[in-house]
Protein chains: 2
Amino acid sequence: MTETPAARQLAAAAVDLFYRQGAKATTVREITQACGLTAGSLYNHFVSKEELLYTVVRDMHLGLEREVERAQSAAPDPTGQLIAIVRVYVDQHARHRKSSRVANVEYTLLNAERRAEIVDIRRRLRDRLTSVLLAGQATGAFDLGGDAFDGADRSTATLVATAILDMCVHVSAWFHEGRPLSTAELQERYVLLALRMAGS
Amino acid sequence: MTETPAARQLAAAAVDLFYRQGAKATTVREITQACGLTAGSLYNHFVSKEELLYTVVRDMHLGLEREVERAQSAAPDPTGQLIAIVRVYVDQHARHRKSSRVANVEYTLLNAERRAEIVDIRRRLRDRLTSVLLAGQATGAFDLGGDAFDGADRSTATLVATAILDMCVHVSAWFHEGRPLSTAELQERYVLLALRMAGS
DNA sequence: CGACTGAATGAACGCTTGTTTACCTGCGCG
DNA sequence: CGCGCAGGTAAACAAGCGTTCATTCAGTCG
C-alpha cells in the first residue's frame, strides 16, 4: 500500500517529525501539513497513522538487514565479517540518522503483532553477530573473555554482540556529519573498538 | 513540590507506565488510577504532567551523577576510576531499569529549558569519563588508538567515552535480573569490555 | 465525448486529553 | 471541641485527537 511519490513524501515528513517530537506526540495534521495537504489525505495512502509508523520502522529494519547480509557474505572470515557488520551499522545509523533513530525508539508503540515482527528482525540481526563472534572464538581469532574453560559460551557471545550493536545503534542519537568526524572516520574508529571488544 | 508518600507513589506508577507505553502515550487518568485515585488528585502533588515527568527524569540523572562522583573519588588512578564509573552505570541501569530507561528516552519531550538542564547533566557525566580516559592515556595506562603522534586527542577520548556510556546505558533496555546474568556478573563483563575499549 | 479513477478537500464525528473547579471529608492541634 | 486544611471527589471544560464521509476535481482511456 505504498510506493507512490506522495506516500513517500508523507513518510519522509513523518520521519522528520517523529524524530523531533516522538511518534505519539506528532499529529496527522502536522504530517500532512508538511506536505501541503489536509489531514484526510493521509488516508488515501495509509490505512492509519500506526500503519505509517509501521512502514517507516519496518523499511529501516529490512534495509539494515539486507545491507548486513550483503556485507557479511562478501567477507571471508569472522574478523572480516565483524568489521563488515560494524561498518554497515555505523554507516546506516549515521547516514540515515533520523529514520534509524525513529525505528529504534518508536517500534515499541506498535501493536503486539507488528512489534513482534520487528523484535524478530532485531533478534535475527543480533544472532547473526553472535554467530560471527562464536566462529571467531572457535578459530582463535577472537577471545571473548568468558570463563576460560568453557570454550564456546553462547551467552557471553550474545552479551558482547549486544554491547557492540548498542554502541553502533546509538550513533543515530548524536552523530552529525563532519562534527568533528566524517562517517568514514567514525566507521574506522568503531571498527577498532569492536575488534578490541571481541579480543581480536 | 514533592517528597510526600503520595507524590512518590504517583511518581512510581508513572515510571512504570512511561516505561511500558511511553510518556506521551500515558494519560493522567492511568497514572492516578494505578494509585486508586481520580485524575484531579494528581494536581495536589504536581503542577502538571510535564513536571511529573521532569522530576522523574531529573531525579534519575542527579542520582546517577551523585553515585558516579562518589565512586570515582574513591578510586586512586584512571584505571580504577574507569572501572568504578562503569560499575556504577551498569548497576544503576540494571537495578533501576525502568526509571533509567524513561529518563534516557523521554527527556527529549521536556520543554526547552528543562531539556537543556538535563542535557547539561548528561554532558557533565560524559566529560567526566572523557577526562578519566585522557588522564589514563597521559600516564600510559590507556591507549585510545587515536592518531599516534597526537598525544592527547580529546575528540578521540570523547568518542570512546560516548561508546562506553552508550553501551552501559542500553543495559536498561534489555536487562532482567538473573536472565541469564546477575547484576554483579554483568558489571564485571562490562568492565572488561570498557577496559579493552580504552586499550588498557 | 463520456465514463471511470485516484486523490484532495473541508466539515463533521465521537472520544480522549490535560486541567480546573466547586465541593466534601476526616484528622491533628490549639 | 471545633476549626483549618491537606487531600480527596465528581463533573465540567475547551482543545485536540484520529478517522470518516460526501463531494469535487483533474486526468486517462476506449
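No experiment lies behind these values; they were computed from the predicted model shown. Letters A, B, ... mirror the listed sequences (proteins, then strands); counts begin at 1.
- For A/A6, the side chain to side chain contact (heavy atoms under 4.5 Å, CB included) partners at least two apart in sequence or on another chain are A/T4, A/H45.
- By the side chain to side chain contact (heavy atoms under 4.5 Å, CB included) test, B/E69 pairs with B/E65, B/R128, sequence neighbours left out.
- Heavy-atom distances under 4.0 Å link DNA chain D to no residue of residues 106-115 of chain A.
- Residues satisfying the side chain to side chain donor-acceptor pair (under 3.5 Å) test with B/T158, not counting sequence neighbours, are none.
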Sequence neighbours left out, cut at 3.5 Å: what donor-acceptor pairs do the side chains of residues 190-200 of chain A make with other protein atoms?
residue : atom : partner : partner atom : Å
A/R196  : NH1  : B/D143  : O            : 2.9
A/R196  : NH1  : B/M197  : O            : 3.0
A/R196  : NH2  : B/D143  : O            : 2.9

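- Contacts of B/Y89 classified as ring pair (Phe, Tyr, Trp, His ring centres under 6.0 Å), with partners at least two apart in sequence or in another chain: B/H93.
- Partners of B/Q33 according to the side chain to side chain donor-acceptor pair (under 3.5 Å) rule, which considers only residues two or more places apart in sequence or in another chain, do not exist here.
- Annotation: side chain to side chain contact (heavy atoms under 4.5 Å, CB included) contacts of A/S131 (sequence neighbours excluded): A/R154.
- Note on A/T38: a side-chain N or O is less than 4.0 Å away from OP1 or OP2 of C/dT9.
- One finds no side-chain N or O of A/H45 lying less than 4.0 angstrom from the OP1 or OP2 phosphate oxygen of C/dG6.
- Shown here are the side chain to side chain donor-acceptor pair (under 3.5 Å) partners of B/R114, two or more places apart in sequence or in another chain: B/E50.
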Trace of the side chain to side chain donor-acceptor pair (under 3.5 Å) decision for A/R97 with A/Y19: CA-CA 9 Å; A/R97 199 174 104 243; A/Y19 176 78; 3.1 Å; yes
Contact letters for nucleotides 16-26 of chain C, in which S counts primed atoms plus P, OP1 and OP2 and B counts the base, heavy atoms under 4.0 Å: -BBBB------
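- Considering only residues two or more places apart in sequence or on other chains, A/A135 meets the side chain to side chain contact (heavy atoms under 4.5 Å, CB included) condition with A/P78.
- Nucleotides of DNA chain D that come within less than 4.0 Å of any heavy atom of chain A span, from the 5' end to the 3' end, D/dC17 to D/dT20.
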